[in-house]
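First up is the structure itself, then whatever we jot down about it.
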Amino acid sequence: QVQLVESGGGLVQAGGSLRLSCAANGRTFSGYFMGWFRQAPGKEREFVAAITWSGRITSYADSVKGRFTISRDNGKNTVYLQMNSLRPEDTAVYYCAASQLVTTTPREYDYWGQGTQVTVSS
């Protein structure tokens, strides 16, 4: 089973940037659609962005479109989420996930990382 490990979270001021990374342990991401999700305390886990294996097609939640960019480097078995113009409402635990389906629904993703905390201060 693929293991996903997120990194790059931390504390940043509003308007700042962070880049999250998601790396596979022990195997490649080949054959999977990759997504980023986030979950704030007391809230449901929500879709942030997704990318096809080729990287040619991406999808974003309306709340992050124009600010976040998802990308992948298959040679490094790594997916990235570049987050710019961060807002306090972006504060959440961010999760990387892999799915064999083209979907934005969390329950349809097969594998998940442990999450990385992103906190945006005012």
Side-chain angles (χ1 to χ4, degrees):
Q1 181 174 322
V2 64
Q3 297 181 11
L4 304 174
V5 180
E6 304 96 334
S7 62
L11 175 64
V12 64
Q13 295 183 31
S17 298
L18 286 173
R19 188 178 75 158
L20 306 183
S21 298
C22 172
N25 288 341
R27 64 165 292 174
T28 180
F29 286 116
S30 179
Y32 292 99
F33 300 96
M34 302 302 302
W36 285 96
F37 294 79
R38 65 187 183 187
Q39 187 167 23
K43 300 293 183 64
E44 296 293 319
R45 190 167 298 187
E46 65 174 342
F47 170 77
V48 176
I51 189 168
T52 60
W53 181 85
S54 69
R56 292 193 299 267
I57 302 174
T58 57
S59 181
Y60 298 92
D62 288 341
S63 60
V64 306
K65 188 174 296 183
R67 300 187 297 120
F68 292 10
T69 302
I70 188 171
S71 62
R72 68 193 302 169
D73 185 340
N74 291 338
K76 299 171 68 174
N77 291 330
T78 302
V79 179
Y80 304 97
L81 184 69
Q82 178 67 45
M83 305 184 295
N84 298 326
S85 301
L86 282 162
R87 305 165 180 169
E89 55 263 41
D90 295 319
T91 296
V93 177
Y94 283 70
Y95 297 91
C96 178
S99 176
Q100 296 184 25
L101 304 173
V102 181
T103 180
T104 61
T105 303
R107 65 179 177 271
E108 294 179 340
Y109 278 73
D110 301 306
Y111 307 105
W112 295 84
Q114 82 289 348
T116 185
Q117 176 70 48
V118 172
T119 302
V120 184
S121 62
S122 299

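- Using a 4.5 Å cut-off between side-chain heavy atoms of Ile, Leu, Val, Met, Phe, Trp and Tyr, with links allowed through other members, Leu4 and Trp53 fall into different hydrophobic clusters.
- Under a 3.5 Å cut-off, the side chain of Thr103 and the backbone N or O of Thr105 do form a donor-acceptor pair.
- Residues Cys22 and Tyr80 are not in side-chain contact: their nearest non-hydrogen atoms beyond the backbone lie 4.5 Å or more apart.
- To the nearest 0.5 Å, atoms CZ (Arg72) and OG (Ser21) are separated by 13.5 Å.
- Between Thr78 and Ala23 the shortest heavy-atom distance is OG1-CB, 4.0 Å.
- Partners of Glu46 according to the salt bridge (Lys or Arg N to Asp or Glu O under 4.0 Å) rule, which considers only residues two or more places apart in sequence or in another chain, are Arg38.
- Cluster annotation: Tyr32 and Ile70 are assigned to the same hydrophobic cluster (Ile/Leu/Val/Met/Phe/Trp/Tyr, side-chain heavy-atom contacts under 4.5 Å, transitive).
- Here the straight-line distance linking atom OG1 of Thr69 with atom CE of Met83 works out to 11.0 Å at 0.5 Å rounding.
- Residues Tyr94 and Leu20 approach most closely at CB-CD1, 3.6 Å, considering heavy atoms.
- Scanning both residues, Leu86 and Val12, for their nearest heavy atoms gives CD1-CG1, 3.5 Å.
- The two atoms that bring Ala49 and Tyr60 nearest to each other are CB-CD2, 3.6 Å, heavy atoms only.
- Linking Ile, Leu, Val, Met, Phe, Trp and Tyr whenever their side-chain heavy atoms come within less than 4.5 Å puts Val93 and Trp112 in one cluster.
- Applying the 6.0 Å contact sphere to CG of Leu11 captures more than 12 heavy atoms from other residues, nucleotides or ligands.
- Shown here for Ala14 and Pro88, the closest heavy-atom pair between the two residues is CB-CD, 4.2 Å.
- In this structure, Thr58 contributes its side chain and Ile51 its backbone to no donor-acceptor pair below 3.5 Å.
- Interatomic distance, Phe68 CZ to Gln82 CD, rounded to the nearest 0.5 Å: 9.5 Å.
- Arg67 is listed as a side-chain neighbour of Asp90, based on a closest heavy-atom distance under 4.5 Å.
- Checking side-chain atoms of Glu6 against main-chain N and O of Thr116 turns up no donor-acceptor pair under 3.5 Å.
- By the 6.0 Å and 45° rule, Arg45 does not stack over the aromatic ring of Phe37.
- Separating the CG atom in Leu81 from the CE atom in Met34 is a distance of 11.5 Å, to the nearest 0.5 Å.
- Summarising the local packing, CD of Gln13 is surrounded by 12 or fewer heavy atoms from other residues, nucleotides or ligands at distances under 6.0 Å.
- When atom types are taken as modelled, the side chain of Ser99 and the backbone of Glu108 share a donor-acceptor pair closer than 3.5 angstrom.
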**Q.** From CA spacing to verdict: ring-ring contact (aromatic ring centres under 6.0 Å, His included), Tyr95, Tyr109
**A.** CA-CA 11 Å; Tyr95 297 91; Tyr109 278 73; over 10 Å; no
